[in-house]
**Student:** 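Supplied in structure tokens, the structure appears directly below.
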Protein chains: 2
Amino acid sequence: MTPNKEDYLKAINKLGGCDDLIANKKIADALHISPASVSEMLTKLEKEGAVEYVPYHGIRLTPAGKQQSAALLRNHRLWEVFLLRHLGYSWSEVHEEAELLEHVTSPRLAQSLDAFLKHPDFCPHGAAIPSTDGKIKAIPLRKLAQMSVQDTSTIRKVTEEKEFLNYLQERNIQIGSSFTVLSIEPYEGPITIKLADKQIVLSYKAACHIEVDA
Amino acid sequence: MTPNKEDYLKAINKLGGCDDLIANKKIADALHISPASVSEMLTKLEKEGAVEYVPYHGIRLTPAGKQQSAALLRNHRLWEVFLLRHLGYSWSEVHEEAELLEHVTSPRLAQSLDAFLKHPDFCPHGAAIPSTDGKIKAIPLRKLAQMSVQDTSTIRKVTEEKEFLNYLQERNIQIGSSFTVLSIEPYEGPITIKLADKQIVLSYKAACHIEVDA
DNA sequence: AAAATAATTTAGGCATACCTAAAAGAGGAG
DNA sequence: CTCCTCTTTTAGGTATGCCTAAATTATTTT
């Protein structure tokens with residue numbers, strides 16, 4: 001297994017390959033490579049027992065592939081927690097470093113890091129950190145965009161996209177921040193919230209990328 | 001620059017390529033690859049400006065190559081300190097993990113890690129950690145094998161070889177341990193030392209791999 | 001100084017992982 | 001049900017980084 005193949009497994013997992021058949025094209029788009037290259041690689045991954053490949057119809061992760069991709073997700077998120085908490089990285093900076101570190105993280109290293117970090121349940125963006133056996137701890141969430149005026153809740157998860165994270169950071173929006181919805185403009189208009197005694201105006205799109213306690 | 005090429009630079013550095021011309025064969029032996037592969041790779045490394053290549057006579061690191069290999073050594077040793085101090089790794093276990101981590105360590109990450117570790121001067125085996133500009137802090141040392149009976153000193157550096165480290169660990173020999181030489185058998189015979197009130201018998205060869213304050 | 005030996009490079013191959021272009025298959029619209 | 005389109009696969013090519021075997025260059029021995 002190479003970092004390369006690991007990226008395929010991660011992408012397939014992210015696209016829902018734990019349950020559904022995933023189309024070649026979707027993987028090609030996710031990894032920014034040609035569909036031809038994907039076909040070729042999938043044949044190899046099937047030989048290695050990581051995916052179940054139905055030519056012309058897509059692929060699905062095998063139990064081994066699920067386990068492997070969950071471990072990568074786990075490694076990635078543990079490193080993110082470490083970088084943020086202990087090395088002074090910001091929210092928006094941790095992803096890129098973790099992307100490299102996850103591929104050189106032995107089970108032993110992941111376990112030690114997990115213990116060092118006191119077994120965190122979530123990464124800095126609020127995504128659940130799978131346990132060693134691949135299970136994830138799910139808590140009920142809803143999109144901020146789906147809240148009503150006067151509702152109060154707490155921010156639990158945001159989309160991991162660098163520019164968006166900077167957008168949030170500038171507005172002092174963090175995981176764990178509690179807030180109240182002050183107003184919602186119709187037709188996907190901006191949403192105004194009160195957070196830490198300050199009024200913040202969010203675009204509708206931004207509000208779709210923020211998840212809060214249900 | 002790939003992890004592969006980085007390993008070449010590290011090997012050349014280790015063999016003395018900062019100052020002398022290093023023979024193709026030595027590099028091939030160090031990396032366990034064929035001399036033919038080394039020739040080929042050196043041509044590439046020269047094109048990239050990392051080595052100065054004199055066909056049939058050997059290679060030397062350029063200033064850029066020196067800088068690069070020092071950074072790798074720095075990354076490696078910083079991770080070793082982290083694994084030992086914070087993740088509960090033992091002396092003999094840190095090297096292998098660091099060997100992978102060093103290649104995915106950005107300058108920013110190295111800097112943050114260095115600060116987190118409070119700017120350590122030495123790795124767990126006593127080797128100096130180069131500063132960002134590649135300079136190393138040298139302290140005068142001698143081999144334990146070159147001491148005389150009744151001499152007292154402190155262990156500062158040991159050879160990084162897994163089996164040897166386990167040998168030392170079993171005998172409770174650590175960096176910073178002070179000891180006195182009790183007896184030395186002639187013709188490269190065993191050397192007995194007193195360390196922490198215990199008598200320890202070291203083979204001559206082992207004593208050659210332990211460095212102490214001069 | 002010539003011959004033997006050792007080191008190094010070149011030549012030709014192999015595997016990985018990507019690409020483009022062309023062929024083959026799947027699925028929807030008329 | 002056939003045609004058209006989109007997706008997927010196959011075919012052929014590139015670059016990396018390794019290999020072995022053969023040719024070349026350097027060194028050591030006689």
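Note that the coordinates shown come from a computational prediction; the quantities given were computed from them, not determined experimentally. Letters go in sequence order (proteins before strands), and every chain restarts at 1. Hydrogens, waters and symmetry mates play no part in the numbers below; they use all other heavy atoms, side chains included.
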**Student:** Rounded to the nearest angstrom, tell me the gap between atom NE2 in His57(A) and atom P in dT9(D).
**Tutor:** 10 Å

**Student:** I need the CD1-C1' distance between Ile33(A) and dA17(C), as an integer number of Å.
**Tutor:** 9 Å

**Student:** Rounded off to whole Å, could you give me the CG-to-P distance for the Asp29(B) and dA6(C) pair?
**Tutor:** 14 Å

**Student:** Quick one: pull up CD in Glu160(B) and NE2 in His125(B) and give me the separation to the nearest 0.5 Å.
**Tutor:** 4.5 Å

**Student:** Taking only side-chain nitrogens and oxygens of Ser37(B), does any of them come within less than 4.0 Å of OP1 or OP2 of dC18(D)?
**Tutor:** no

**Student:** Take Leu9(B) and Met1(B), measure what side-chain contact (heavy atoms from CB on, under 4.5 Å) needs, and give me the verdict at the end.
**Tutor:** CA-CA 10 Å; Leu9(B) 295 187; Met1(B) 190 57 57; 4.2 Å; yes

**Student:** So which of Asp114(A), Asp121(A), Asp133(A) actually passes salt bridge (charged side-chain N to carboxylate O under 4.0 Å, His left out) with Arg74(A)?
**Tutor:** Asp114(A)

**Student:** Distance check: side-chain N/O of Thr2(B) vs OP1/OP2 of dT16(D), anything under 4.0 Å?
**Tutor:** no

**Student:** Please confirm whether the shortest side-chain N or O distance from Tyr53(A) to OP1 or OP2 of dT9(D) is below 4.0 Å.
**Tutor:** yes

**Student:** For Lys26(A), which contact category applies under a 4.0 Å heavy-atom criterion: base, sugar-phosphate, or nothing?
**Tutor:** nothing

**Student:** Atom NE2 of His32(B) to atom C1' of dC19(D): distance rounded to whole Å?
**Tutor:** 16 Å

**Student:** Rounded to whole Å, how long is the line connecting atom CG of Asn4(A) with atom C1' of dC18(C)?
**Tutor:** 9 Å

**Student:** 5'-most contact on DNA chain C: Thr43(B) or Tyr56(A), nearest heavy atom basis?
**Tutor:** Thr43(B)

**Student:** Pro35(B) or Glu40(B): which one's nearest nucleotide on DNA chain C is closer to the 5' end?
**Tutor:** Pro35(B)

**Student:** Rounded to the nearest Å, what distance is computed from the CG atom of residue Leu45(A) to the P atom of nucleotide dT16(C)?
**Tutor:** 12 Å

**Student:** Would you say Ser34(B) places a side-chain N or O within less than 4.0 Å of OP1 or OP2 belonging to dC19(D)?
**Tutor:** yes

**Student:** Give me the ring orientation class for Phe82(B) and Trp79(B): parallel if the planes are under 30° apart, tilted from 30 to 60°, perpendicular past 60°.
**Tutor:** perpendicular

**Student:** Using whole Å, report how far CG of Leu42(B) lies from C1' of dG17(D).
**Tutor:** 13 Å

**Student:** Is Tyr8(B) near enough to dT16(D) that one of its side-chain N or O atoms lies under 4.0 angstrom from OP1 or OP2?
**Tutor:** no

**Student:** Any side-chain N or O of Asn24(A) below 4.0 angstrom from OP1/OP2 of dC6(D)?
**Tutor:** no

**Student:** Do the charged groups of Glu48(A) and Lys5(A) touch, with an N to O distance under 4.0 Å?
**Tutor:** yes

**Student:** Nearest whole angstrom, please: distance from the C1' of dA15(C) to the NZ of Lys44(A).
**Tutor:** 8 Å

